[in-house]
Visitor: 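A single structure is presented below for examination.
Everything quoted here is computed from the prediction, not taken from an experiment.
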Amino acid sequence: MGGVGHHPTSGCTESHSYIKWLSAGLSNFKMYSTDHSPQQYTTSYFKSQRREAREEKPPICDKQSERQFLTNNMSQSIPSLNPHKTFSTKTSLLPSFNPATTHLSKLKTKTKMNLPILSSQKPSLDLLANTDHREDVFRAIKGSLSNCLSETNLHKTVPALKSKTRGKVRDVYDGGDYLVMVTTDRQSAFDRVLASIPFKGQVLNETSLWWFDKTLHITPNAVVSSPDKNVTIAKKCSVFPVEFVVRGFVTGSTDTSLWTVYKNGVRNYCGNALPDGEFCSLINLVFLTAISCPSKFMLIYIIGMVKNQKLSANILTPTTKAVDHDVPVTPDEIIERSLMTPDEYDEVRAKALSLFEYGQRVALEHGLLLVDTKYEFGKGSDGTIYLIDEVHTPDSSRYWIANSYEERFQNGLEPENVDKEFLRLWFKDHCNPYEDKVLPDAPEELVCELAWRYIFLYETITKSKFEVPVAEEPIHDRISQNVSLALSSLVSGFVFGAPPFQKMLGEVFDNWELSNELSIYFPSVKSSDSSLQGRVEWALKIKGIEYEYIHEDLPNKSDMLLQYNPVHKKIPVLVHDGKPLAESLVIIEYIDETWKENPILPEDPYEKAMARFWAKFADEKCVASVFSVFSKVGEELDKAVKEARENLKTLEMGLKGKFFGGETIGFVDIAAGWIPLWTRITEEVVGVELVDEESMPLISAWFRDVLDVEVLKERLPPRDKLLAHNKGFRELLLLGYWCSPFALRVEWALKIKGIEYEYINEDLTNKSDMLLQYNPIHKKIPVLVHNGKPLAESLVIIEYIDETWKENPILPEDPYEKATARFWAKFADEKCVASASSVFSKVGEEQEKAVKETQNNLKTLEMGLKGKFFGGERIGFVDVAAGWIPLWIRITEEIVGVELVDEESMPLLSAWFRDVLDVEILKERLPPRDKLLAHCKSSREKLVAATTAAST
């Protein structure tokens, strides 16, 4: 790094040699002989920071010793780095040395960085790079490289939008009283756009929405709604022209980053006094065991901080905007230039530090370190200061893997990061991103890796699976339609009453009760009314509020639901004046506080708190245990019954009279009022007794009385319908997917047997808790649940169905014939389907090879035919297992433009292709051909794009 100062008349050659080695090896230590004053070396030291260190290896010191020394002796000595407005703080950073007792060996002592011990289940870059999920997402990323949202022009397609402001990443449109912010896929750094990253805009928007929701206890935000995966509609605010950058570590590579300015000698940054290096004299006794240089004094210069070191306290480093870059600014300058008033600055400063501290805590719980971030704030028309723009996204924040940080820091290695830092560094290595007019194209592998890391970070923080959008319609068209609809609802006072939405996936809107004053969007369950939605309706009825009701098909969640509840993606959702609310108990309290007549919660704070307690107890204890009774069998059922009875007895303690609210229904009655109906149905379906007059007289009476209240009773679902639904749900349930051939053949088997069953269409991009519970190993469909017992693997399920219900046998009785049927079914899956999949996904020579292999396999399959069908003159096990192949083969031929089965070379199989799909019981369950064709075309385009991208 720099030269070594020494007295020219010094006769201590060995001492000088040692100092030379130590200086070259330790970039943060400088040694000088005592004949020179410390002040003489200050200037030369900072000049030396720009020169490279010598490459010789020191005999006894290395980089790790340096890091350990600094960590052990300095990190806890750094003063508070965030003084409010006083910035001239001096303090000694050097440890106390006792020359008689201090030895070099003490430099090797390790000091922990005070990070909690994290389990091996936490994120790591090894896991990040080696998962099946990563491969799935990577395919989607590569398939979308040419379909990024790099530019929008909504002001040309949405009449309500007046003008556009193009930011580095966001396009912001003026929508009158609102701003429409579209987060694009543009990647920005060094104050310019570097590339477009697939799905980045969606990740940033959904990550921000998650954090906005989680930080409402710290500050209000300007979010009104999110009508699209890439869009947030916000209140208009007067934006403070200051970005509040909060930092917890000494790091970074840009000109304004803390490490860059610190290593360049800046010691007062944005009003923060940064610890400087200092001189200290040591007598020769310190080095007696290392060198023989008697009576010689040394000076050591120690730099205050090292790269990637954790600060002892988070600091605020505000910036303001110049023409094309950020400019650091002090709090005093903010006030002097009238960018903010002192009170505004104090409030925003406190909020920014609180947001960052909370963000660090949440990130660490999820195995990450939130290193630094930036916040923006604005002032509403009523004077309220709102958090705006984005929160804790991978664009505005730097994240490191927590597990590996300490060890890598101790060893002088860069932390494992899951943000855009590696792309920044690539550009710094290959160009001057601040001055070069034209930048090189970012390598495709780095673009894909960054897209994956954004998604990984979203999933790690939110604990939600990222939903890859289906590219069946252009992104810009989708956004235009959703924004137009959302703005019309905000302006007109109605919600989703426009003709295009009068049907939603086959479900007709029902129970429309429109008010000129109030507009509410409110979904419910398709096959039976949701208990959580029902209690919100009860609250609205008690208040006498008119509302619009929309029936939601939960297996096929609508865009409306996903727009209004992007975090949990669940019902119920209440939308009042364009502002959505989720979580039923939260909604009920909002209703009670907004409309004062007919109060639901008591006024007394203690009574109110007790009502909340019992409502939560009913949800978390009683409902959970009753559901266990419904879903368990055997010994687990016995345990669940006992637990449910104990919880219901405890709930009885909260009764204050006829109702939980006394003589009139209150908050707990509304929250738990559906439990009596659900409990009685569970008792009937399962054949157990959970509540009886003798042991629970009060709760038994409440069971009768609460369901006799007219305003509650009129909104209950029909008991017979609910009973039939839950009987079928418990007895036989099939989890499938609309175009899955494996789920389809299980349905065929059930239809052949004439068995009634409940069918749930899974969202495979966001797998349900039920699927993960019933198939925890493979986490795939189909899953058949019979009397509470789950079965996976379609061929296994078909055999179970055949052995359980004897009528209309599917497998032959003869053991040899049965074994032969199993052989051909397995051959069809492992050979025919596998090779045909290659035809579907490959191109060029690989596709030609796959076509030949598929034709050979299908000719071999033809050998198994025994007549019209594989089962002879009627369909059997192989026909059920392979009956979907004809449809899929013909669609593959049409999409790819090849011929796999023809009359001349495979006459028997060609006839079977026609005959098997003409069997009524199979034909009626086939997915619509046009829909399947469109789905397969879209899938093929993505696969080909991914294959092409991988080969270039």
Visitor: Cation-pi between Lys931 and Trp738: NZ/CZ under 6.0 Å from ring centre and within 45° of the ring axis?
Guide: yes
Visitor: Hey, could you give me the CG/CD1 distance between Leu900 and Ile885, rounded to the nearest 0.5 Å?
Guide: 11.5 Å
Visitor: Do Leu204 and Pro394 come close enough that some side-chain heavy atom pair is under 4.5 Å?
Guide: yes
Visitor: Sequence neighbours left out, what passes side-chain contact (heavy atoms from CB on, under 4.5 Å) with Lys751? Give chain and number order.
Guide: Tyr757, Ile921, Glu924, Arg925
Visitor: With side-chain hydrogen bond (donor to acceptor under 3.5 Å, both in side chains) as the test, would you mind laying out the steps for Tyr454 and Glu449 before giving the verdict?
Guide: CA-CA 9 Å; Tyr454 275 121; Glu449 178 64 28; over 6 Å; no
Visitor: Do the non-hydrogen side-chain atoms of Cys936 and Glu894 ever get within less than 4.5 Å of each other?
Guide: no
Visitor: Is any side-chain heavy atom of Asp228 closer than 4.5 Å to a side-chain heavy atom of Gln481?
Guide: no
Visitor: Any cation-pi pair here, Arg134 with Phe138, using under 6.0 Å and within 45°?
Guide: yes
Visitor: Do Asp902 and Ser905 meet the criterion of a side-chain donor-acceptor pair at a distance under 3.5 Å?
Guide: yes
Visitor: Checking Thr183 against Asn230: is there a side-chain donor and acceptor pair closer than 3.5 Å?
Guide: no
Visitor: Side chains of Phe742 and Glu793: does their closest heavy-atom pair fall under 4.5 Å?
Guide: no
Visitor: Heavy-atom distance under 4.5 Å between the side chains of Trp824 and Met863, does that happen here?
Guide: yes
Visitor: Does this structure show an ion pair linking Asp395 with Arg170, if we count only N-O contacts that are shorter than 4.0 Å?
Guide: no
Visitor: Indicate whether the side chain of Ser196 and that of Arg186 have a donor and an acceptor atom separated by less than 3.5 Å.
Guide: no
Visitor: Mind checking what makes ring pair (Phe, Tyr, Trp, His ring centres under 6.0 Å) contact with Phe870, not counting sequence neighbours?
Guide: Trp912
Visitor: Are the side chains of Leu734 and Leu750 in touch, meaning some heavy atoms are under 4.5 Å apart?
Guide: yes
Visitor: For the pair Phe840 and Trp888, name the ring-plane relationship: parallel under 30°, tilted 30 to 60°, perpendicular over 60°.
Guide: tilted
